[in-house]
Amino acid sequence: MSGAPAGGAPEDPLRPDRLPFDRRFTPSGAYAQLRSAAEANPEEFWAAVSRRELFWSRPFTTTLGGTPPEYRWFEGGELNAAVNCVERHLAGSSAHRVAYYWEGEDGARRTLSYADLGREVRTLASSLAEQGFGPEDRAALYLPMVPELPVAMLALAYLGIPFTVVFSGFASEALAHRIQDLGARLLFTADGGYRRGRVVPLKEIADRAVAQCPRVDTVVVVRRTHLEVPTSSVRERDWGELLARHAPRVPAREVSSEHPLFLLYSSGTTGLPKGIIHGTGGYLTQVAATTRWVFDPGPNDVLWCAADIGWVTGHSYIVFGPLALGATSVLYEGALDHPSPHRFYEILERYGVTELYTSPTALRSLRRHGDEPARSHRLGRLRLLGSVGEPINPSVWEWYFRVIGQGRCPIVDTWWQTETGGILVSPAPSLDGRPLKPGSATLPLPGIDVAVFREDGRPAAVGERGFAVVRRPWPGMLLGLWDDPERYRSAYWGRFPGVYYTGDYAVQDSDGYLWFLGRADEVLKVAGHRLGTAEIESALLQHPAVAEAAVCSEPDPVKGSRPFAVVVLKPGIEAGPGLAEELASGVGERVGKFARPERVLFVAMLPRTRSGKIMRRVVQAVVLQGDSVGDVSTLEDEASVEEVRQGVARLAAELAAARSSRSS
Ligand code: PRX
């Protein structure tokens, strides 16, 4: 067994193959079998997986069609996502199985069986159809983590209406951009949502967004907080009234495999967030298969994916993956450590969670409270732990393993992206007993061909850092970018022809294990959330004092990284802490509080390439390291690097002076 690659995480002596696993994790050898079947004939393999996992009302005729890179999976086939996730589980005793144990942050609780879910989905779908909504429409959802969110997603899927869920931490401008770009007619929101004991006034934020979106003609409002909310200017429908209606029942709309199921707006480095389109048949195949391979939920298991449905993890592993398998999940509304860090462990204990899936940021924040909260709860039902969204530090991995998993549970470090739809690289303990290495996502799942390339497109050597790519199409891949086929081609298929570019750095070790090392582009990961530099910069540029802005990130002990901004002011404008605060707050108000830069530095000039692009990496290097700025040969004006340095030196001096005057 080799050690970790140079520059990667250090090898850890903890070897799960030496640990007393639950019998269910006895290597079955299935991984090798699945993998060789997939290698022998990838299309036949995926066709068999899809037929096994999904109900197709019309069988597909071509497994992989389209014109690269516009691949189309399962052409000729028809299906409905709500039928696959709910309706087909309603026959017999599985109808009484719990779909969701929901817990509100305020302590409210609700249990929804598949029968309950089916009833609500059908009733809502019928009411929406009665109001004239159909597959030619699009919808947006801006809701807290309440059961109404998956119900609404499924009701829209039932009618074949593509939707986008907007994370409830986004502010009105960010919400408006997404609604407008998609051309949504229908918006779901709530009077408010609970977050750390406060009520977030979602309806008020949504009203401000709707005022900028003339195509929205209906807003459906869920009552969650009993906050008094004014009525908006467009047609408003109360969720409770829609569910109480006796609208004529409509059948589920069978759609073609490539019909868009949902879009998720995700950030790039240029322009505003782009709508990543996921289809129906390919996406559902990927999430159902990976839920089975990675989490393997049995009939008595309870899965808790402690993510927000506003991001892809929640779509795939709270909603579509587990529901496609008829599994039971926990849905929790609020902050994991509210009102105390015991909350997280109480949920694990109360619902008897067997598979837990969360982010390194959540783990780092729980670890700060020490081991006592975990030790004071019964966590004996846990059998599998998962991590997603960022590289997991080996020390956090070890803590997760020893303290939360009590040394019994394997950890699945799952690597994937919004674009990939589902997990591509991860251990699969139900399929094999491969040794785990803390910090490595290990090997690609069956049927997935991930490689590490050098800049010139040749494979990197063992231990050499390069760019992670996917060489063969996979069913859960994005269908494209909304309204922007050119950008789809250039962002993902332009760098290495014929190969999908992930935007991540990775290293492969001598066991073939993959170590994902973070983004190679300028996409930020803050607390596991993906943020676009361009979206934050554009918020900064809306302030009348700002001439130019570059947003970068610096390490953070809990969030992994946090954004900071370097700003050039318009001539004659005085920099100062008051203005820095105003600019940071402006980002909070336009994009969302979670995107707010922690520091704003003022400089006279920003380094640019000859083609005019701001060199964020240089700015970042100067701010973090002071000097080693790397290759500056493409800078338009090298003096501007010096400017950045001087600006930083000034700020450092100012901060030091402020600190010493406070302490004296
Ligand atoms: O950089 C990788 C990181 O998250 C990015 C994708 O972010 P997003 O589209 O928001 O999806 C997050 C949930 C899948 C990737 O490009 N990432 C994701 N999982 C891991 C990871 N980095 C290291 N290890 C992981 N397990």
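Everything numeric in this text was worked out from a predicted model, so none of it was measured.
- The residues Asp483 and Lys274 are annotated as not salt-bridged, no charged nitrogen and carboxylate oxygen being separated by less than 4.0 angstrom.
- Contact detail for Ala580 and Val600: the closest heavy-atom pair is O-CG2, 3.7 Å.
- For the pair Trp239/Leu143, no side-chain contact is recorded, criterion being any heavy-atom separation below 4.5 Å from C-beta on.
- Surrounding CZ of Arg367 are more than 12 heavy atoms belonging to other residues, nucleotides or ligands, all under 6.0 Å away.
- Trp493 and Tyr501 have their aromatic ring centers separated by at least 6.0 angstrom.
- Proximity of Val229 to Glu204: side-chain heavy atoms (C-beta onward) are nowhere separated by under 4.5 Å.
- Using a cutoff of 4.0 Å between basic side-chain nitrogens and carboxylate oxygens, Lys203 and Glu236 are scored as salt-bridged.
- Taking the six-membered ring where the residue is Trp, the centroids of Phe167 and His529 are separated by under 6.0 Å.
- Residue Arg195 holds its CZ atom at 7.5 Å from OG of Ser168, rounded to the nearest 0.5 Å.
- Within 6.0 Å of CZ on Arg196 lie more than 12 heavy atoms contributed by other residues, nucleotides or ligands.
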Next item on the list: Take Val526 and Ser553 through the side chain to side chain contact (heavy atoms under 4.5 Å, CB included) test and state the conclusion after the steps.
Entry: CA-CA 8 Å; Val526 176; Ser553 68; 5.7 Å; no
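- With rounding to the nearest 0.5 Å, the separation of CG in Leu149 from CD in Glu333 is 11.0 Å.
- With rounding to the nearest 0.5 angstrom, the CG atom of Leu182 is 10.0 Å from the NE2 atom of His177.
- In this structure, Asp413 and Phe516 have side chains that are not in contact, with every pair of non-hydrogen atoms separated by 4.5 Å or more.
- Residue Glu372 qualifies as enclosed at atom CD: its count of foreign heavy atoms under 6.0 Å is above 12.
- What you find for Ala604 and Val568 is that their closest heavy atoms are O-CG1, 3.6 Å.
- Under a 4.0 Å N-O distance rule, the pair Glu554/Arg599 qualifies as a salt bridge.
- The heavy-atom pair separating Leu175 from Ala206 by the smallest distance is CD2-CA, 3.9 Å.
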Notebook entry, point to check: Phe262 and Val319: side chain to side chain contact (heavy atoms under 4.5 Å, CB included), yes or no, with the steps?
Noted result: CA-CA 12 Å; Phe262 66 85; Val319 184; over 6 Å; no
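- For the atom pair OH of Tyr500 and CD of Gln417, the computed distance is 4.0 Å after rounding to the nearest 0.5 Å.
- One N or O on the side chain of His278 and one on the backbone of Thr418 form a donor-acceptor pair closer than 3.5 Å.
- Residues Val388 and Tyr317 have side chains not in contact (no heavy-atom distance under 4.5 Å, counting atoms from C-beta outward).
- The two residues Leu336 and Ala306 have their closest heavy-atom pair at CD2-CB, 4.2 Å.
- Between the side chain of Thr164 and the main chain of Leu263, a donor-acceptor pair closer than 3.5 Å is present.
- Contact check for Tyr332 versus Phe344: no side-chain heavy atoms found under the 4.5 Å cut-off.
- Between the Glu419 side chain and the Leu478 main chain, no donor and acceptor come within less than 3.5 Å of each other.
- For Phe163 and Phe188, the distance between ring centers is not under 6.0 angstrom.
- Ionic pairing of Glu522 and Arg616 is present here: one or more N-O contacts between side-chain nitrogen and carboxylate oxygen are shorter than 4.0 angstrom.
- A donor-acceptor contact shorter than 3.5 Å links the side chain of Tyr142 to the backbone of Phe170.
- Side-chain contact check for Tyr283 and Ser316: at least one donor-acceptor pair (N or O, by modelled atom type) lies under 3.5 Å.
- Looking at Val546 and Lys570, their side chains never come closer than 4.5 Å, going by heavy atoms from C-beta outward.
- Interatomic distance, NZ of Lys593 versus OG of Ser585, reported as 9.5 Å (0.5 Å rounding).
- Ionic pairing of Glu105 and Arg224 is not present here: no N-O contact between side-chain nitrogen and carboxylate oxygen is shorter than 4.0 angstrom.
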Checklist line | Met145 and Glu103: CA distance, side-chain angles, deciding distance, side chain to side chain contact (heavy atoms under 4.5 Å, CB included) verdict | finding: CA-CA 9 Å; Met145 288 277 286; Glu103 184 161 316; over 6 Å; no
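- Side chain of His315 to main chain of Gly310: no donor-acceptor pair is present (N/O by atom type, distance under 3.5 Å, no hydrogens or angles).
- Between the side chain of Arg138 and the backbone N or O of Pro162 there is no donor-acceptor pair closer than 3.5 Å.
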Margin query: Run the side chain to side chain contact (heavy atoms under 4.5 Å, CB included) test on Asp217 and Val234 for me, step by step, so that the C-alpha distance in whole Å, both residues' side-chain angles and the decisive distance to 0.1 Å come before the verdict.
Written below: CA-CA 6 Å; Asp217 66 18; Val234 297; 5.5 Å; no
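- Across every non-hydrogen atom of Phe594 and Gly169, the tightest pair is CE2-O, 3.4 Å.
- Checked by atom type, the side-chain pair Thr361/Arg364 shows a donor-acceptor distance below 3.5 Å.
- Taking every heavy atom of both residues into account, Glu598 and Lys559 meet most closely at OE2-NZ, 2.9 Å.
- A donor-acceptor contact shorter than 3.5 Å links the side chain of Ser561 to the backbone of Lys525.
- Proximity of the aromatic rings of Phe467 and Tyr505 is defined here by a centroid distance below 6.0 angstrom, and this criterion is met.
- With respect to the salt-bridge test (charged N to carboxylate O, under 4.0 angstrom), the residues Arg178 and Glu535 qualify.
- A donor-acceptor pair is defined here as one N or O able to donate and one able to accept, closer than 3.5 Å; no such pair exists between the side chain of Glu390 and the backbone of Ser359.
- In this structure, OH on Tyr100 lies 6.5 Å from CG on Leu331, to the nearest 0.5 angstrom.
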Next item on the list: Report the C-alpha separation of Thr414 and Tyr357 in whole Å, then their side-chain angles, then the decisive distance to 0.1 Å, and conclude whether the side-chain hydrogen bond (donor to acceptor under 3.5 Å, both in side chains) test is met.
Entry: CA-CA 10 Å; Thr414 65; Tyr357 191 31; 2.6 Å; yes
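- Of the possible polar contacts, none joining the Asn393 side chain to the Ser395 backbone as a donor-acceptor pair under 3.5 Å is found.
- A salt bridge between Arg596 and Glu581 is present, with a side-chain N of the basic residue lying under 4.0 Å from a carboxylate O of the acidic one.
- At a threshold of 4.5 Å between non-hydrogen side-chain atoms, the residues Val619 and Pro607 count as touching.
- Taking the side chain as every heavy atom from C-beta outward, Pro201 and Leu227 approach each other to under 4.5 Å.
- Between the Asp191 side chain and the Thr225 main chain, a donor and an acceptor come within less than 3.5 Å of each other.
- For Thr358 and Tyr400, the side-chain atoms include no donor-acceptor pair closer than 3.5 Å.
- Exactly one of Asp181, Leu272, Ile276, Val166 qualifies for a side chain to side chain contact (heavy atoms under 4.5 Å, CB included) with Tyr265. That residue is Asp181.
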